[in-house]
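Both counts, for ligands and for their atoms, begin at 1 and track the order of listing. Only heavy atoms go into these numbers, but all of them, side chains included; no hydrogens, no water, no symmetry mates.
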Amino acid sequence: MAEIKNVLLIGASGNIGSHILTGLLSSPFTVTVLTRPDSTSDFPEAVKVVRSDYTLEALTPLFKGQDAVVSAVGHVGFESQFTFIDAAVAAGVKRFIPSEFGSDTTNKGLQQLLAPANGATAKLEAVEYLKSKEKDGLSWTSVISGPFLDLCLNFGFFEIFPSTRKATLWNGGRQRFIVTSRPTIGIAVARILQQPELTKNIYVFIKSFTTSQQELISVAEKVSGEKYVIEEVNGEAKIKEAEASLTEGAGFAAAYPLIKAGFLVKSYGDYEAEGRELWNEKLGLPNEDLEESVAQALGI
Ligand SMILES: NC(=O)c1ccc[n+]([C@@H]2O[C@H](COP(=O)([O-])OP(=O)(O)OC[C@H]3O[C@@H](n4cnc5c(N)ncnc54)[C@H](OP(=O)(O)O)[C@@H]3O)[C@@H](O)[C@H]2O)c1
C-alpha cells in the first residue's frame, strides 16, 4: 500500500483528538483539521484548518487529496461517521480510522453486557460499515486502548475521586484492566499511519498499563501522600443498578455505567489476558511509569 502523506483529522479539539493532533504533527504528515462551522475550537497556527458541516456534498471535495481520515468525534458525532466514510470512498481516501479509542468492542462478553444499552453498538456499526467499503478501496484501522488513564482518573471513571480523596471499590477492586495515556494514543495513531500495509483492516490493541482500582489507589496515595477513604460495593449490584438506569434513546453515553462494569467487575478490560495481541512493540510505543503517570494525571 502506498505511503500515507496527507491526513485529515476530525474532532481535533476533543479529549483525545487534541492528543492525536499532537501525534500527527510530530510525524512527517501534512495535517489538515476539519472543524464544524460554528465550532469555537482553537488550533496551533501551523495547522491548516477547514470548516465544514457534516454533509456528503461538503465533505467529499474537502477529503479529495487526503490519504487518510481520522475521526475523533465524541459520541454526539457518531452518527455522522457513516457520512464521513461515504465521503472518504467518494474522494478516494485510502485509510479511515474511526472514533473508537476505548473498550474492546469486539469482546463477545462485553457486547452481551452492553446489549441492554441503546446505542452501545455505535462503534461496532461504524467498523461493520467500513468493512463493507473495503471492496471500494477504503481500508480501516480501529484502535482499542481501554480507558484513558489521565482523563478517567480525574473524572471518577475508575470510582476514584482525587478531589475528595474517596474511592468506591467494586468487588474489592482487584479486577485487572488495561488503561492507556492519551499522548500514547496520539503516537499510536501516527505510527499506524506510517505502517499502512501492516495495520490494514484490523483492530490495533495498545496499552500503557494493566492495573486495578486497588493499585491505582495505592499509587495515588503514595504520590500524593494523602489517604483515601474507601467504600466497598458489590459489582453485580452495580450492574443491576446500571441496567435499571438505562433510558430509551439515550445513545452511546447511556452505556457508560455498563462499560465501567465491563472492566471493574468483569474481565473484559484486560484484553491482553483475553488473548488479544498488543501492538506496543510493533508501533514502538514508549514505556511508561505508573507512578509518574498517576502523579502527572493528579497534577503533582
Ligand atoms: N477510553 C476512554 O476513556 C474515553 C474517554 C473519552 C472519550 N473516549 C472516546 O474517544 C472518542 C472521542 O471522544 P472525545 O471525548 O474525545 O470527544 P469530545 O471531546 O466530546 O468531542 C470531540 C470533537 O467532536 C467534534 N464534534 C462533532 N460533533 C459535535 C457535536 N455535536 N457537539 C460537540 N462536538 C462535536 C468537536 O470538534 P470541533 O469543535 O472541532 O468540530 C469536538 O471537539 C470517542 O470514541 C469516545 O468514545 C474514550
Side-chain angles (χ1 to χ4, degrees), residues 8-23 31-44 47-55 58-59 62 69-84 96-105 107 110 114 117 119-127 130 141-160 177-186 188-189 203 205-209 211 216 251-260 262-264 268-269 271 293 297:
L8 182 137
L9 175 61
I10 312 171
S13 55
N15 291 315
I16 190 58
S18 53
H19 293 270
I20 295 173
L21 181 59
T22 304
V31 181
T32 302
V33 157
L34 185 139
T35 189
R36 293 162 301 146
D38 53 353
S39 171
T40 53
S41 304
D42 275 336
F43 301 100
V47 187
K48 183 181 176 197
V49 179
V50 292
R51 287 187 179 270
S52 174
D53 55 30
Y54 294 163
T55 61
L59 293 173
L62 292 175
V69 169
V70 180
S71 168
V73 289
H75 65 88
V76 283
F78 284 176
E79 200 53 38
S80 301
Q81 292 200 114
F82 298 99
T83 314
F84 300 166
F96 192 96
I97 298 186
S99 192
E100 177 92 48
F101 314 115
S103 317
D104 177 8
T105 48
N107 184 300
L110 183 66
L114 299 185
T121 52
K123 291 183 179 185
L124 263 181
E125 284 161 18
V127 173
L130 281 165
T141 315
S142 208
V143 180
I144 305 291
S145 61
F148 305 157
L149 174 61
D150 40 355
L151 189 81
C152 294
L153 192 56
N154 277 307
F155 281 87
F157 205 61
F158 300 132
E159 294 289 310
I160 300 169
F177 56 89
I178 286 175
V179 297
T180 307
S181 61
R182 287 180 291 169
T184 296
I185 297 172
V189 169
Y203 283 90
F205 295 83
I206 58 169
K207 78 165 188 181
S208 293
F209 310 101
T211 188
L216 287 173
F252 185 82
Y256 289 167
L258 287 170
I259 289 174
K260 194 187 282 191
F263 66 86
L264 291 185
Y268 314 140
Y271 39 83
S293 300

Next item on the list: Anything under 30° is parallel, anything over 60° is perpendicular, the rest tilted; go ahead and classify Tyr203 against Phe205.
Entry: tilted
Notebook entry, point to check: Considering only the protein, which heavy-atom contact is closest to atom 23 (C) of ligand 1, and what is its distance?
Noted result: Gly11 CA, 3.6 Å
Check: Parallel, tilted or perpendicular: which fits the ring planes of His75 and Tyr256, with parallel below 30° and perpendicular above 60°?
Finding: perpendicular
Notebook entry, point to check: Can you tell if the side chain of Leu149 reaches within under 4.5 Å of the side chain of Phe158, non-hydrogen atoms only?
Noted result: yes
Checklist line | Donor-acceptor under 3.5 Å (Tyr268 side chain, Phe177 main chain) | finding: no
Check: Which is closest to atom 47 (O) of ligand 1 in terms of heavy atoms, His75, Arg182, Lys123?
Finding: Lys123
Check: Any idea which protein heavy atom is nearest atom 39 (O) of ligand 1, and the distance to it?
Finding: Ser39 OG, 2.6 Å
Note to self: Considering only residues two or more places apart or on different chains, which pairs with a residue in residues 149-160 satisfy side-chain hydrogen bond (donor to acceptor under 3.5 Å, both in side chains)?
What the structure shows: Asp150-Arg182, Glu159-Lys260
Checklist line | Heavy-atom nearest option to atom 36 (C) of ligand 1, drawn from Arg36, Gln81, Glu100 | finding: Arg36
Item checked: Heavy-atom nearest neighbour in the protein, as seen from atom 10 (O) of ligand 1, with distance rounded to 0.1 Å -> Ile16 CG2, 3.6 Å
Check: Which residue holds the protein heavy atom closest to atom 11 (C) of ligand 1, what is that atom called, and what is the gap in Å?
Finding: Ser99 OG, 3.2 Å
Margin query: Side chain, backbone, both or neither: which applies to Ser41 and ligand 1 if a contact is any heavy-atom pair less than 4.0 Å apart?
Written below: side chain
Next item on the list: Would you indicate which of Asp150, Thr35, Thr180 comes nearest to atom 38 (P) of ligand 1 when only heavy atoms are counted?
Entry: Thr35
Notebook entry, point to check: Does any N or O in the side chain of Lys48 come within less than 3.5 Å of the main-chain N or O of Thr32, such that one atom is a donor and the other an acceptor?
Noted result: no
Would you tabulate the side-chain donor-acceptor contacts of residues 8-20 under 3.5 Å, counting partners in other chains and residues two or more places apart, or write 'none'?
from  : atom 1 : to    : atom 2 : distance (Å)
Ser13 : OG     : Ser41 : OG     : 2.9
Ser18 : OG     : Gly14 : O      : 2.8

Notebook entry, point to check: Of the listed options (Gly102, Ser13, Ala12), which comes nearest to atom 43 (O) of ligand 1 when hydrogens are ignored and any heavy atom counts?
Noted result: Ser13
Note to self: For Arg36, is there any backbone N or O sitting under 3.5 Å from a side-chain donor or acceptor partner on Arg51?
What the structure shows: yes
Check: Does Pro98 come within less than 4.0 angstrom of ligand 1, counting non-hydrogen atoms of the residue?
Finding: no
Checklist line | Nitrogen or oxygen atoms of Phe78 and ligand 1 under 3.5 Å apart | finding: no
Item checked: Min side-chain heavy-atom separation Glu125-Phe82 under 4.5 Å -> yes
Next item on the list: Closest by any non-hydrogen atom to atom 4 (C) of ligand 1: pick that one out of Phe157, Phe148, Phe158.
Entry: Phe148
Check: Does an N or O from Cys152, backbone or side chain, lie closer than 3.5 Å to an N or O of ligand 1?
Finding: no
Check: Which residue and non-hydrogen atom of the protein lie closest to atom 20 (O) of ligand 1, and at what distance in Å?
Finding: Gly74 CA, 3.8 Å
Next item on the list: Write out the residue and atom name of the closest protein heavy atom to atom 27 (C) of ligand 1, then the distance separating them to 0.1 Å.
Entry: Tyr54 OH, 3.0 Å
Item checked: Contact check: Val76 vs ligand 1, nitrogen or oxygen atoms, below 3.5 angstrom -> no
Notebook entry, point to check: If you measure from each non-hydrogen atom of Asn15 to ligand 1, which part falls under 4.0 Å: side chain, backbone, both or neither?
Noted result: both
Item checked: Atom indices of ligand 1 within 4.0 angstrom of Gly146 heavy atoms, with elements -> 1 (N)
Item checked: Chi angles and distances behind the side-chain contact (heavy atoms from CB on, under 4.5 Å) call for Leu34, Leu59 -> CA-CA 9 Å; Leu34 185 139; Leu59 293 173; 3.7 Å; yes
Next item on the list: Number the atoms of ligand 1 from 1 as they appear, then name those within less than 4.0 Å of a heavy atom of Gly14, with their elements.
Entry: 16 (O), 19 (O), 22 (C), 43 (O)
Item checked: Mutual orientation of the aromatic rings belonging to Phe84 and Phe96 [parallel < 30°, tilted 30-60°, perpendicular > 60°] -> tilted
Next item on the list: Pick out which of Thr121, Ile259, Leu124 makes a side-chain contact (heavy atoms from CB on, under 4.5 Å) with Leu114.
Entry: Ile259
